[in-house]
Amino acid sequence: MADTTIKVDPAVRDRLMVLARERGMTMRDFVGELAGATPTEEELQARYEKTKAYVEKHFLGRPFTEEDEKAGEQMWADLEADRLGEVQ
């Protein structure tokens, strides 16, 4: 495999080097791992569809609706605000 050069600011380069060293990796391997672990929009959409189908089959027993999505978003907001379980 041929190497290539990616131009970044020196501060970014230095940070990548520190992160790689802390993991006992080369910067090349670290950048490769980072790129491999970061999903594309297409991969995120596929993950969403798979998760939605699982929830519909195993939890809802019906199609996932916009209301379900809003309720889920509210639940996450409540979790982040430490309000989960409060009576409203």
List the residues meeting salt bridge (Lys or Arg N to Asp or Glu O under 4.0 Å) with E66, not counting sequence neighbours, and say none if there are none. K70
Could you measure the distance from the CZ atom of R62 to the CZ atom of F64? Nearest 0.5 Å is fine. 9.0 Å
Do the side chain of E56 and the main chain of P63 share a donor and acceptor less than 3.5 angstrom apart? no
Should F30 and V12 be counted in the same cluster of Ile, Leu, Val, Met, Phe, Trp and Tyr side chains packed under 4.5 Å apart? yes
Can you check whether L44 reaches R47 side chain to side chain, under 4.5 Å on heavy atoms? yes
Atom of V8, atom of R13 and distance for their closest heavy-atom approach: CG2-N, 3.8 Å
R83 and Q74: CA distance, side-chain angles, deciding distance, side chain to side chain contact (heavy atoms under 4.5 Å, CB included) verdict: CA-CA 10 Å; R83 290 190 310 250; Q74 184 61 54; 3.7 Å; yes
Quick test of your reading: applying ring pair (Phe, Tyr, Trp, His ring centres under 6.0 Å), list the pairs with at least one residue in residues 35-56, sequence neighbours left out, ordered by first then second residue. Y54-H58
A side-chain contact here means heavy atoms from C-beta on lying under 4.5 Å apart; do T40 and E43 qualify? yes
Go through the structure and list residues passing side-chain hydrogen bond (donor to acceptor under 3.5 Å, both in side chains) with Q45, not counting sequence neighbours. E49
Listed by chain and number, what are the side-chain hydrogen bond (donor to acceptor under 3.5 Å, both in side chains) partners of T51, not counting sequence neighbours? none
Can you sort out the partners of D14 under salt bridge (Lys or Arg N to Asp or Glu O under 4.0 Å), two or more places apart, ordered by chain and number? none
Can you give each donor-acceptor pair under 3.5 Å made by side-chain atoms of residues 16-27, sequence neighbours left out, with the distance rounded to 0.1 Å?
residue : atom : partner : partner atom : Å
R23     : NH1  : L19     : O            : 2.9
T26     : OG1  : D29     : N            : 3.0
T26     : OG1  : D29     : OD2          : 3.3

For a salt bridge (Lys or Arg N to Asp or Glu O under 4.0 Å) check, start with the C-alpha distance between D68 and K52, then their side-chain angles and the critical distance, and finish with the verdict. CA-CA 11 Å; D68 294 322; K52 180 181 167 191; over 6 Å; no
